[in-house]
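Beneath this line is the structure, given in structure tokens, with notes to follow.
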Amino acid sequence: MTDVVSEEDEGRATRKPRAELALKTLHTDPGSPERLRSVLELTLVYGGATLALVYAPGDRGDQLCLIESAGVPRSLYGVRDSYPLSGGSPAADAYRAGRPRWLGPRELTAPAGARRPPAGDFWLAALPLPPDPRGGGCLVAVSESPGGFGTDDRECLELFAGAVSFPPTSGTGDLEALSISSFTLALDSGRVEVDDEVLELFGLDPADFDGKVETLLSMTVPEDLPTLMSVVEADHMSLGERELEFRIGRPSGEQRWLRLRARLLPAADGRPSRLVGAVADASNLRPSGNEVTRVQRLAAALATAGTVHDVGQAVVTALRRPLAADRIAVAELEGERLVVTVLDPPEPEAWPEVWRTEWRSDWPDAPVRSMPTLEAALREGRAVIRPAGTPLEPALADVGPGGLAVLPLPAGGRMAGVCLIGWDTPHDFGPDERTLLTASAGLAGQALMRARAFDAEHELVGMLQRTLLPRRLPPLAGAEAVARYLPTTAGLEVGGDWYDVIPLPDDHVALVIGDVQGHNAQAATLMGQMRTALRAYAVEGHPPDVVVSRANRLLMGMETGLFATCCYVDVDMAEGTAWCVRAGHLPPVLRRPDGTTDILVTEGGPPLGVITQADFPMSPLPLQPGTVVALTTDGLVESAELDLEDGLRRLAGQLAAADPAHLGLVADALLADANRSDDVALLLMRYDGLDLRPLRESWTVWRVPEAVRHARRFTRRALRAWGVTDEPDAILLIVSELVTNALVHTDGQVRLDLTLINNRMRVAVADISPRTPIKPTSIGWEATGGRGILLVEALSATWGTVPVSGGKQVWAELTLTEPVGD
């Protein structure tokens, strides 16, 4: 069923096309009781009816008997279980004439004991059903809307009348197809006479039953007891038919749905005296008997949910197992973006590839417009169910290949978020499931709004910090990195923790984590400035100690009165080595491939912003493929109840017990017991090593008359050692031009670097001048220079320049067409 919320008046003009679409999306078997009930529910949604019933000829052929109903109790309007075919009832008239009857209050007469609606008026429609082997039937609908059934209502009712198909049962309805047992209740004494079938349904031994109705009522599920009591208490009754469904808890612990049909019989004085009827096992008509309980449990869980993440977890707990869903995602709506807060299951492999590669480094944070299915559901504010085989955008197609439920979470006239529920195998949605989904969506939406209102300033903090922190971590050759950030929940303060992953030339990567003193807007602003400064110094090509030293001098010059701690790790992916610099920060924790862990308490310098002329020594970190490097801030390992040393040891123990194959799960597990009185940053990197290590050679070019010839000879010797036979002249010419330019236009040391990887040759020449070479726009015949860069551009596939440690590096790359020899 596509739409599960009723239409507003302004949308009535489009109801028939949408009703047709709703019929097409019903996936229950034709003729099944579930489909018949679904059609009647659609009649309530689109036909403007408060009660819908289907009648068919009985086995004897002289009466129209009730098959199924939906809506308010039919006793409110005096509607009966059966009508004589020869009588003058609207149902019999429409059946005999083969055309609809539309009756208003003037044509209707309420039988004795029937209650009129508050306004005193109601309208009734009776429409004949298409002929079938059973002889057709009649659809009856009742409405309390002013003016009765309008044009759109009538079109939809005629549409649904044509869609009715009967279950393969006898003419007295689906109750007779079930195991039926009878009872008689004396209202004055409370004594009940039941047959053995009733006791079997309740799971009672006939020898142990005391004959009291209270014994049977005590087995009723508490939520259903008030409705059942309204039937068996004489003070709340009037003469006529009664029908309802209720749940019982059998002595075995099993919960079962029962359907009750009963009639009140009067005594001599006309007052109700006895209740006679039948009870049937209706469990096969109810996909699940615990929807009310589940909604109540969800409401209780949401009442104590203090964060958006808690709300998502409560929704997952309430829905995934009862619906036998394969995955659930809960996302909150921030402006025009959806931010996923909870995924179940959490394993990355359980979700579409696009969620992990094209959006965020961990989980999606995507604009609503990129997902038309979600955008339409949020815009219309209605739950949508997409059956198996429905074409969907790539971001959603694999969430529910067997069926996808999209539940907007409404609250206060707006959308707070959305819940996605997916199945891998084709899934049919029963009416009880749709009711559960709709009720849960409303509860979750309200809870999301409460969580936002309770933590409004935290949301502002989170938005500010998400802006200052990296939106995504870069993909790394030979490694995988994940990061997590948790703002503090104590008070309404902004934290200063940050992290960064910086790709550098020559297969190097810088891992950075830091913490600015204080919890306020100034700390958060300074955090963004320090992250930017460290990134800028690192990209310039400075070694780790120089990067941290320059950041220290910058912070001293800003005169903020704040200090910051920092840990900077430069990893050489090709060599499997790393250099660590600590500025008053926690040491890295390493998990070895064999599962052992080390807390690397290396020599470090003072925090940034304390001493201008401070030393920041570098310490080596040997890495093996499979090693995990963990960098964190003190919020994870220190609290009022936990010493720093004990916290580091606990972190090392948790890291040793974790599976490094899924770093995202490892990070989530490490943060499970985080101290939320302080903000927490966590950065993990698993070093795997490069599949193909680059070949490298370096040469310091001395300023001698034959420097260029020496550089060419060094290059020729390296190419011969690597087995490079393709484009040697072009490579040598590029070396000559770049070395010549560096010697002629700069002073100081010149370094030549050669790198070969994947049949791609890179020539780089570094000098101490920051001035970038300029390519001339035109060169005359009389010009004596300026052709070098043009030659480099013509001979190479690409070229460029990057700043390195106070100077620059000019580089050029060539693609070799012939394979490199051994």
Going by an N to O cut-off under 4.0 Å, is there a salt bridge joining D753 and R696?
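No, no charged N to carboxylate O under 4.0 Å.
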Is any NZ, NE, NH1 or NH2 atom of the basic residue among R703 and D747 found under 4.0 Å from an Asp or Glu carboxylate oxygen of the other?
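No.
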Kindly give the heavy-atom pair with the smallest separation between [X] and [Y], and that separation in Å.
{"X": "R717", "Y": "W699", "value": "NH2-CZ3, 4.4 Å"}
{"X": "T815", "Y": "A797", "value": "OG1-CB, 4.3 Å"}
{"X": "P606", "Y": "F616", "value": "O-CE2, 3.3 Å"}
{"X": "A578", "Y": "L623", "value": "CB-CD1, 4.1 Å"}
{"X": "A533", "Y": "L554", "value": "CB-CD2, 3.3 Å"}
{"X": "L555", "Y": "A564", "value": "CD2-N, 4.0 Å"}

Do [X] and [Y] have side chains that approach each other closer than 4.5 Å (heavy atoms only, starting at C-beta)?
{"X": "L586", "Y": "I513", "answer": "no"}
{"X": "V637", "Y": "L644", "answer": "yes"}
{"X": "R686", "Y": "L684", "answer": "no"}
{"X": "P587", "Y": "L648", "answer": "yes"}
{"X": "N741", "Y": "P773", "answer": "no"}
{"X": "Y485", "Y": "D679", "answer": "yes"}
{"X": "L534", "Y": "C566", "answer": "yes"}
{"X": "V501", "Y": "M685", "answer": "no"}

If you round to the nearest 0.5 Å, how far is [atom2] of [Y] from [atom1] of [X]?
{"X": "M618", "Y": "R582", "atom1": "CE", "atom2": "CZ", "answer": "15.0 Å"}
{"X": "M527", "Y": "D515", "atom1": "CE", "atom2": "CG", "answer": "9.5 Å"}
{"X": "T577", "Y": "D572", "atom1": "OG1", "atom2": "CG", "answer": "4.5 Å"}
{"X": "D507", "Y": "I757", "atom1": "CG", "atom2": "CD1", "answer": "5.5 Å"}
{"X": "T755", "Y": "W811", "atom1": "OG1", "atom2": "CH2", "answer": "12.0 Å"}
{"X": "Y568", "Y": "C580", "atom1": "OH", "atom2": "SG", "answer": "11.5 Å"}

Side chains of T633 and D497: donor-acceptor distance under 3.5 Å anywhere?
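The answer is yes; a qualifying pair exists.
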Could you tell me whether the side chains of R713 and H710 share a donor-acceptor contact shorter than 3.5 Å?
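Yes, because at least one side-chain N or O of R713 sits under 3.5 Å from a partner of the opposite role on H710.
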Check step by step if side chain to side chain contact (heavy atoms under 4.5 Å, CB included) holds for L816 and L756.
CA-CA 10 Å; L816 308 180; L756 176 63; 4.0 Å; yes
Whether the side chain of [X] engages the backbone of [Y] through a donor-acceptor N/O pair (distance < 3.5 Å, no angle test) should be reported.
{"X": "R712", "Y": "V735", "result": "no"}
{"X": "H585", "Y": "T632", "result": "yes"}
{"X": "W498", "Y": "P470", "result": "no"}

Only one of R592, R649, R591 clears salt bridge (Lys or Arg N to Asp or Glu O under 4.0 Å) with D598; which?
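In the set R592, R649, R591, the residue that makes a salt bridge (Lys or Arg N to Asp or Glu O under 4.0 Å) with D598 is R592.
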May I ask you to check whether over 12 heavy atoms, not counting those of E603, lie within 6.0 Å of atom CD?
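Not more than 12 within 6.0 Å, no.
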Over 12 non-hydrogen atoms of neighbours within 6.0 angstrom of CZ in R771
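No, the 6.0 Å shell around CZ holds no more than 12 heavy atoms from other groups.
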CA sep, side-chain torsions, deciding dist, call: L752, L754, side chain to side chain contact (heavy atoms under 4.5 Å, CB included):
CA-CA 7 Å; L752 169 64; L754 303 177; 4.1 Å; yes
Before giving the answer on side-chain hydrogen bond (donor to acceptor under 3.5 Å, both in side chains), spell out for S769 and D767 the whole-Å C-alpha distance, their side-chain angles and the decisive distance to 0.1 Å.
CA-CA 6 Å; S769 171; D767 56 59; 4.7 Å; no
side-chain hydrogen bond (donor to acceptor under 3.5 Å, both in side chains) between S698 and R751, intermediate numbers included:
CA-CA 7 Å; S698 295; R751 189 183 76 252; 4.8 Å; no
What verdict does the side chain to side chain contact (heavy atoms under 4.5 Å, CB included) test give for D634 and T565, after you've listed the backbone C-alpha separation in whole Å, the side-chain angles of each residue and the deciding distance to 0.1 Å?
CA-CA 10 Å; D634 56 358; T565 65; over 6 Å; no
Run the numbers on K808 and T746 for side chain to side chain contact (heavy atoms under 4.5 Å, CB included), then give the verdict.
CA-CA 11 Å; K808 68 175 180 300; T746 69; 3.9 Å; yes
